[in-house]
Amino acid sequence: MLLELGKIINCPGESVSFSTVVDLSDLKYGNCYPVTEPVLAEGTVRNMAGVLEMSGSIKTTIHGVCDRCAEEFTRDEDMVLNVVLVTELADDGNEDEWVFLLDGDCADLEDIVRTVFVLNMDPKLLCSEDCKGLCCRCGKNLNDGPCCCQKEPDPRFAALRQLLDKE
């Protein structure tokens, strides 16, 4: 969807509101496609002394598989949308991922939402921030409680253990 901004480009202090739904179901993240529901983006583009600032929010629900414990989870995702829109790039070699080039007098909302969504995603999909993962020996989900594996003794104390075994 293109957002027409021609009426505010040369009018400092003016603004345009927007609300759009973007389909990101084709977005592969790791080994899954976590965005099965529509992504809602809404906000405002303001001309602040000749600079077009887009601010708002991006909301959806993530359906994924935790990278630590391998459990399926569902989580509401609410991201901040805060980018700058320009009519031309000052320097092609120094691209800023938070600056978007206008197509004539229009902003491509789908491209902006997709880019901001990907940049704001965590590097790993986790069911919760404090996910304990799986036991590396038995594979038990440590979020359900401790496993029955005995800890391996520290090899640095092997000489002391031999002294105790002699007595």
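Atom set for the values below is all heavy atoms of this structure, side chains included, hydrogens, waters and symmetry mates excluded. The structure displayed is predicted, hence computed values, not measured ones. Start at 1 with the first residue, then count along the sequence.
The salt bridge (Lys or Arg N to Asp or Glu O under 4.0 Å) contacts involving residues 28-56 comprise nothing, where partners must be two or more places apart or lie in separate chains. Sorted by first and then second residue, the salt bridge (Lys or Arg N to Asp or Glu O under 4.0 Å) pairs with a member in residues 59-75 read Arg75-Glu77; sequence neighbours excluded.
Here Ser55 pairs with nothing under the side-chain hydrogen bond (donor to acceptor under 3.5 Å, both in side chains) rule; sequence neighbours left out. With sequence neighbours excluded, no residue forms a side-chain hydrogen bond (donor to acceptor under 3.5 Å, both in side chains) with Asp78. The side chain to side chain contact (heavy atoms under 4.5 Å, CB included) search around Asn120 returns Met79, Trp98, Val116, not counting sequence neighbours. Evaluation of the salt bridge (Lys or Arg N to Asp or Glu O under 4.0 Å) rule for Asp26 yields Arg114 as partners, not counting sequence neighbours. For the side-chain hydrogen bond (donor to acceptor under 3.5 Å, both in side chains) test, no residue two or more places apart in sequence or in another chain qualifies with Ser57.
In this structure, Leu126 stands alone, with no Ile, Leu, Val, Met, Phe, Trp or Tyr side-chain heavy atom under 4.5 Å from its own, directly or through other members.
Separation of atoms CD (Glu14) and CG (Asn47) is listed at 8.5 Å; rounding is to 0.5 Å.
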- Message: Between Tyr29 and Leu125, is the side chain to side chain contact (heavy atoms under 4.5 Å, CB included) condition met? List the steps.
- Response: CA-CA 8 Å; Tyr29 201 79; Leu125 285 178; 3.8 Å; yes
- Worked check of side chain to side chain contact (heavy atoms under 4.5 Å, CB included) between Leu85 and Ile112: CA-CA 10 Å; Leu85 306 173; Ile112 293 169; 3.7 Å; yes
- Task: Report the C-alpha separation of Asp111 and Val113 in whole Å, then their side-chain angles, then the decisive distance to 0.1 Å, and conclude whether the side chain to side chain contact (heavy atoms under 4.5 Å, CB included) test is met.
- Result: CA-CA 6 Å; Asp111 179 50; Val113 170; over 6 Å; no
Table please: side-chain donor-acceptor pairs of residues 15-24 below 3.5 Å, with sequence neighbours left out.
| residue | atom | partner | partner atom | Å |
| --- | --- | --- | --- | --- |
| Asp23 | OD1 | Ser25 | N | 3.0 |
| Asp23 | OD1 | Ser25 | OG | 2.8 |
| Asp23 | OD2 | Ser25 | OG | 3.4 |

Listed pairs under 3.5 Å, donor-acceptor, residues 135-150 side chains, sequence neighbours left out:
| residue | atom | partner | partner atom | Å |
| --- | --- | --- | --- | --- |
| Arg137 | NH1 | Gln150 | O | 2.4 |
| Arg137 | NH2 | Glu152 | OE2 | 3.4 |
| Lys140 | NZ | Gly145 | O | 3.2 |
| Asn141 | OD1 | Asn143 | N | 2.9 |
| Asn141 | OD1 | Asn143 | ND2 | 3.1 |
| Asn143 | OD1 | Lys132 | N | 2.8 |

Show which side-chain atoms of residues 2-10 pair as donor or acceptor with protein atoms under 3.5 Å away, not counting sequence neighbours.
| residue | atom | partner | partner atom | Å |
| --- | --- | --- | --- | --- |
| Glu4 | OE2 | Gly6 | N | 2.9 |

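Shown here for Thr115 and Glu97, the closest heavy-atom pair between the two residues is CG2-O, 4.4 Å.
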